[in-house]
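These notes concern the structure reproduced below.
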Amino acid sequence: MRLGIFIGLALAVAIALATLASPFASSSPDGLNRVAMDQGFDEAGTLHPVQEDAPVPGYAFPGVGGDRGATAAAGLAGTVTVFLLAFGAAAVLRRRTPRAAPA
Amino acid sequence: MHIPDGYLSSEVCAVTNVGAAGILGYAAVRARDELDEARVPLVGATAAMVFALQMLNFHVAGGTSGHLLGAVLATVLLGPWLGMLVVSVVLGVQAFAFADGGVAVLGANTLNMAVVGSLVTAAVLDGTKALRARASGLLGVVAVAAWVSVIAAATATSIELAVSGTIPLATVLPAMLSVHALIGVGEAAISVAVVASVLAVRPDLVDGRRAAGVPA
């Protein structure tokens, strides 16, 4: 399989999982949240001031109707964002790598 | 396992932020040597997959869920240095864009979910070179590394909570380990499924296979 096709396919699978599957994921507290609730320190949790203005708080995209739609939109936005950020960072890191001159 | 702000003391936040920044800086230097042409887009695709899979909380027990951490997956595909950087990008976006995991505790979350998992995986891979020569052996190694990495992350989180004075270690460690022993099974199943899929179509892109000395 050509690399471009593989990458496109992987990104498509990730987007499908983040949009189509994520609205049906368990909404129960995760392991740490459960322990925090059971042991009574969950109320110590606060939002950092910069998070008050987080664009997609709690994986619900603002302005998208319905819980499942808002989660799916958040999944799409997040998956594309991390793809571009990581791809871009890797490209910059590679360009700055000193290479031996061709013989 | 994303710690929100408020769970850890400012001293623990300071130490873990400095520690995580130092390790990621070192990882960036080491990762430059591992970045060939094919890996640049693979870094993006791995980050996208880890983010998407982290959204899929699965039921474990008694009204509790777990989700993939992804350091094992990223490390088996990309090696430990690129692997921990990929998970760190995901954690940073989650904290700033999704308010998932705190900002002052980002260093702690990075150590727990990215650095510890990648280093555990590197150690497990390093100790199992002969086993990894076969694809089935590699998948078995991935499963073990996945489970151990979740246990290690839960242990690191417990220690940070205890040192912060939030809760005694004798209370938090058994509670964290018992629930994450189950979540680790999910981490293993998902990591194995993804690595097996990549092995089926592009085995040359799996670092854990390359590093075993198997010609692509």
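Order of the sequence lines fixes the chain letters, A, B, ..., with proteins taken first and strands second; residue numbering starts at 1 for each chain.
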Do [X] and [Y] have side chains that approach each other closer than 4.5 Å (heavy atoms only, starting at C-beta)?
X	Y	answer
A:F6	B:V198	yes
A:L17	B:M49	yes
A:T46	B:P4	no
A:R94	B:E37	yes
A:N33	B:H2	no
B:N57	A:D30	yes

For chain B, the option from [options] that forms the most heavy-atom pairs under 4.5 Å:
options	result
A:S27, A:A77, A:A44	A:A44
A:V13, A:V82, A:I15, A:D38	A:V82
A:A36, A:G40, A:G75, A:P55	A:P55

What part of [X] lies closer than 4.5 angstrom to a heavy atom of chain B: side chain, backbone, both or neither?
X	result
A:A16	neither
A:T71	both
A:D42	both

Where on [X] is there a heavy atom nearer than 4.5 Å to chain A: the side chain, the backbone, both, or neither?
X	answer
B:T64	both
B:I3	both
B:V179	side chain
B:L56	both

Nearest heavy atoms of [X] and [Y], plus distance in Å:
X	Y	result
A:L3	B:A38	CD2-CA, 3.6 Å
A:L11	B:A48	CD1-CB, 3.8 Å
A:H48	B:D5	CB-OD2, 3.0 Å

Verdict with supporting geometry, B:M55 and A:T79, side chain to side chain contact (heavy atoms under 4.5 Å, CB included): CA-CA 10 Å; B:M55 281 188 80; A:T79 305; 5.6 Å; no

To the nearest 0.5 angstrom, please state how far the [atom1] atom of [X] sits from the [atom2] atom of [Y].
X	Y	atom1	atom2	answer
A:S22	B:F51	OG	CZ	8.5 Å
A:F41	B:T166	CZ	OG1	7.0 Å
B:I183	A:L32	CD1	CG	9.5 Å
B:D204	A:M1	CG	CE	11.5 Å
A:R95	B:R32	CZ	CZ	13.5 Å
A:I7	B:T46	CD1	OG1	7.0 Å

Sorted by number, residues from residues 91-106 of chain B in contact with chain A (heavy atoms, under 4.5 Å):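 Counting heavy atoms that sit under 4.5 Å from chain A, the residues of residues 91-106 of chain B involved are B:V93, B:Q94, B:A95, B:F96, B:A97, B:F98, B:A99, B:D100, B:G101, B:G102, B:V103, B:A104.
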
Sorted by number, residues from residues 17-31 of chain B in contact with chain A (heavy atoms, under 4.5 Å): B:A28, B:A31

Whether over 12 other heavy atoms sit under 6.0 Å from A:E43 CD: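 No - once you tally the heavy atoms of other residues, nucleotides and ligands closer than 6.0 Å, there are 12 at most.
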
Check against side chain to side chain contact (heavy atoms under 4.5 Å, CB included), B:V172 and A:Q39: CA-CA 8 Å; B:V172 71; A:Q39 306 297 337; 5.8 Å; no

B:S65 backbone acceptor or donor facing A:R34 side chain under 3.5 Å: no

Max heavy-atom pair count under 4.5 Å with chain A, selected residue of B:H180, B:M176, B:Q54: B:M176

